[in-house]
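Have a look at the structure below before the remarks.
Order of the sequence lines fixes the chain letters, A, B, ..., with proteins taken first and strands second; residue numbering starts at 1 for each chain. Bear in mind the structure is a predicted one, so any value in this text is a computation, not a measurement.
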2 protein chains.
Amino acid sequence: MNAHHHDHAPKLSRNQNEILSCLRDANEPMSAYAILDRVRKTGISHPPTVYRALNDLMRKGMVHRLQSRSAFVACDHGACDGKFAFAICRACDKVVEISLSDEDQAGLLALAPDEIAPEQVTLELAGLCQSCRPAASA
Amino acid sequence: MNAHHHDHAPKLSRNQNEILSCLRDANEPMSAYAILDRVRKTGISHPPTVYRALNDLMRKGMVHRLQSRSAFVACDHGACDGKFAFAICRACDKVVEISLSDEDQAGLLALAPDEIAPEQVTLELAGLCQSCRPAASA
DNA sequence: ATGGCTGATGATATAACATAACAGCGAGAC
DNA sequence: GTCTCGCTGTTATGTTATATCATCAGCCAT
């Protein structure tokens, strides 16, 4: 099993569990509707149910949303409190979660202008992963 | 007129001009459909027309998309080539464009794991602007 | 236990965002 | 002139997200 995380695992509802498992199994970002298709057999059958569970899981830091894709991924770490970013392969959609050090976070927050006191960072790096890169450079 | 930018201003089509003006006048992010409503009087009347113009303007660096809002803003600088980020007030939607220095960009790209060669950075900082901040701290 | 309150889930409907695909037109090549 | 190409218009539909109301289970006071 993959419940070997050091989580405090704050008791999930049935729906939240189904959707988190789905996302962990997929190992790639899924749209809410893709998740819906995949969990229909478990009795979840309407978009709001999926969005509710996703929002709950995001609040718990166990799922993240890829803004640039309108897609969701399970947190690699079980749960995070906001110090993360993503690298995404634009060809195959592979996603790598990046843990930001406190310094990294501080550096990012420091980019904000005086006028806006930043609370939350959204950082996504898009590129090409090794397997999607052309073998030779030309 | 407001064509006093130091642009090379790569001749825009009528639609592109209408939509860019609209966005510059608004001085805040607008959804594609908000733009559509606002430019209807000029003869633009269907979503694809708006999206086409927005995409063209984005290719030219004159409009940016706020991923976290599904909204569009005119580039503060006339045009940029990708070295920018945003700070967004979560209360009033005010947006401040942040120009990233080459070092900033390099620092961000350096966060990418070996596995993914980054090409593009999406960075958005959400927080509260001065006017939306509570006056006293407690 | 019963009744009513509250919070979670289920279901319907629709809003908001985005694009595929094709039609028509105008300007330049020849 | 007419062909072709690129831009704009139009229809239709696909995709993402949420507002709203209904239902149900647990809980607590009585």
Can you tabulate the close N/O pairs, meaning under 3.5 Å, that link protein atoms to atoms of nucleotides 15-19 of chain D?
from, atom 1, to, atom 2, distance (Å)
D:dA17, OP1, A:Arg65, NH1, 2.8
D:dA17, OP1, A:Arg65, NH2, 2.3
D:dA17, OP2, A:Tyr51, OH, 3.0
D:dA17, O5', A:Tyr51, OH, 3.4
D:dA17, N7, A:Tyr33, OH, 2.7
D:dA17, N6, A:Tyr33, OH, 3.0

Just how far is it from atom CD of B:Glu119 to atom CZ of A:Arg90, taken to the nearest 0.5 Å? 4.0 Å
B:Gln67-B:Thr122 side chain donor-acceptor pair, cut-off 3.5 Å: no
A:Asp104 side chain vs A:Ser101 backbone, donor-acceptor pair below 3.5 Å: yes
Side-chain donor or acceptor of B:Arg133 paired with backbone N/O of B:Leu128 under 3.5 Å: no
Between which nucleotides of DNA chain C, 5' to 3', does chain B make heavy-atom contacts below 4.0 Å? C:dC17 to C:dA20
Using a cut-off of 4.0 Å on non-hydrogen atoms, how would the nucleic acid contact of A:Arg52 be classed: base, sugar-phosphate, or nothing? base
Worked verdict on A:Met58 versus A:Asn55 for side-chain contact (heavy atoms from CB on, under 4.5 Å): CA-CA 5 Å; A:Met58 284 191 289; A:Asn55 288 331; 3.1 Å; yes
Which label fits B:Tyr51 and B:Tyr33: parallel for a plane angle under 30°, tilted from 30 to 60°, or perpendicular past 60°? perpendicular
To the nearest angstrom, the CG-P distance between A:Asn15 and D:dA25 comes to 15 Å
B:His46 side chain N/O closer than 4.0 Å to the phosphate oxygens (OP1, OP2) of D:dT10? yes
Starting from A:Leu100 and following side-chain heavy-atom contacts under 4.5 Å between hydrophobic residues (I, L, V, M, F, W, Y), which residues can be reached? A:Ile98, A:Leu108, A:Leu109, A:Leu111, A:Val121, A:Leu123, A:Leu125, B:Ile98, B:Leu100, B:Leu108, B:Leu109, B:Leu111, B:Val121, B:Leu123, B:Leu125
Under a 4.0 Å N-O cut-off, is there an ion pair linking A:Arg69 with A:Glu124? no
